[in-house]
Amino acid sequence: MSCCPFCLDAARSLCFFETNLFFAIYNQSPILPGHSLIVSKRHLQSAVELTQEESQALFPFIQKVMLILAKAFKTESFDISLQDGLPAGQTVMHLHVHVIPRVVGDLANPGDWYYELEKADNAMIDSFTRPKLEHWQLIEITNRLRIVSNEIQKL
């Protein structure tokens, strides 16, 4: 779908890890450092539309992204969120999972990340209330994550 921000070549060109079914990109307006998105390559809106192959591959993909982010952002703690449908807070109607690295004291209350996520207006722009990274910053972080991804794949 040409109007979907995740179906655009620009989004896919910024991936730091991918398989034949999913790709991971850094969020342009991260809630916290490391906030990344896992996106299905096939355009679908809901997790109920996943094929059996996609369903079986999703969590192992999330785990790989967690390993990459853990190494890059020096943490072992994460929030993972799948907002499925408008009432659940989904703002881009293309299946995506938020993976947010956490460290002690990063927010006043551990659950505050969800309120920040709810402010999202668009997953690629993400929010007018959170700072948006400059394109060069996004490229720099993506390149760093690609290096870490390659290191982990060699293990």
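Atom set for the values below is all heavy atoms of this structure, side chains included, hydrogens, waters and symmetry mates excluded. Quick caveat: nothing in here was measured; it's all calculated off a predicted structure.
- Counting only heavy atoms from C-beta outward, the side chains of Ser36 and Ile38 never approach each other to under 4.5 Å.
- At least one side-chain heavy atom of Leu69 sits under 4.5 Å from a side-chain heavy atom of Phe78.
- Side-chain polar atoms of Glu54 and Thr51 form a donor-acceptor pair below 3.5 angstrom.
- Ring geometry for Phe73 versus Tyr26: interplanar angle under 30°, hence parallel rather than tilted (30 to 60°).
- Residue pairs that meet the salt bridge (Lys or Arg N to Asp or Glu O under 4.0 Å) test with at least one member in residues 9-22, sequence neighbours left out, are Glu18-Lys41.
- A 4.5 Å side-chain heavy-atom check between Phe22 and Ile62 finds every atom pair outside the cut-off.
- No donor-acceptor pair under 3.5 Å is formed between the side chain of Gln83 and the backbone N or O of Gln90.
- Classification of the His98-His35 ring pair by plane angle, with boundaries at 30° and 60°, yields tilted.
- Atom CD of Glu76 has 12 or fewer heavy atoms from other residues, nucleotides or ligands within 6.0 Å.
- Within the 4.5 Å cutoff, the side chain of Arg146 has heavy atoms near those of the Asn143 side chain.
- In the hydrophobic clustering of ILVMFWY residues, with side-chain heavy atoms under 4.5 Å counting as a link, Phe59 and Ile152 come out together.
- Within a 6.0 Å sphere centred on NZ of Lys74, heavy atoms belonging to other residues, nucleotides or ligands number 12 at most.
- Checked by atom type and distance alone, the side chain of Arg102 pairs as donor or acceptor with a backbone atom of Pro110 at under 3.5 Å.
- Residue Ile80 is grouped with residue Leu82 when hydrophobic side chains (ILVMFWY) are merged at heavy-atom distances under 4.5 angstrom, including chains of intermediate members.
- Under the 4.5 Å side-chain criterion, counting only non-hydrogen atoms from C-beta, Arg42 is not in contact with Leu95.
- Remark: the backbone N or O of Ala47 is paired with a side-chain donor or acceptor of Asp84 at under 3.5 angstrom.
- Looking only at side-chain heavy atoms (C-beta outward), Ile100 and Ser81 stay at 4.5 Å or farther from each other.
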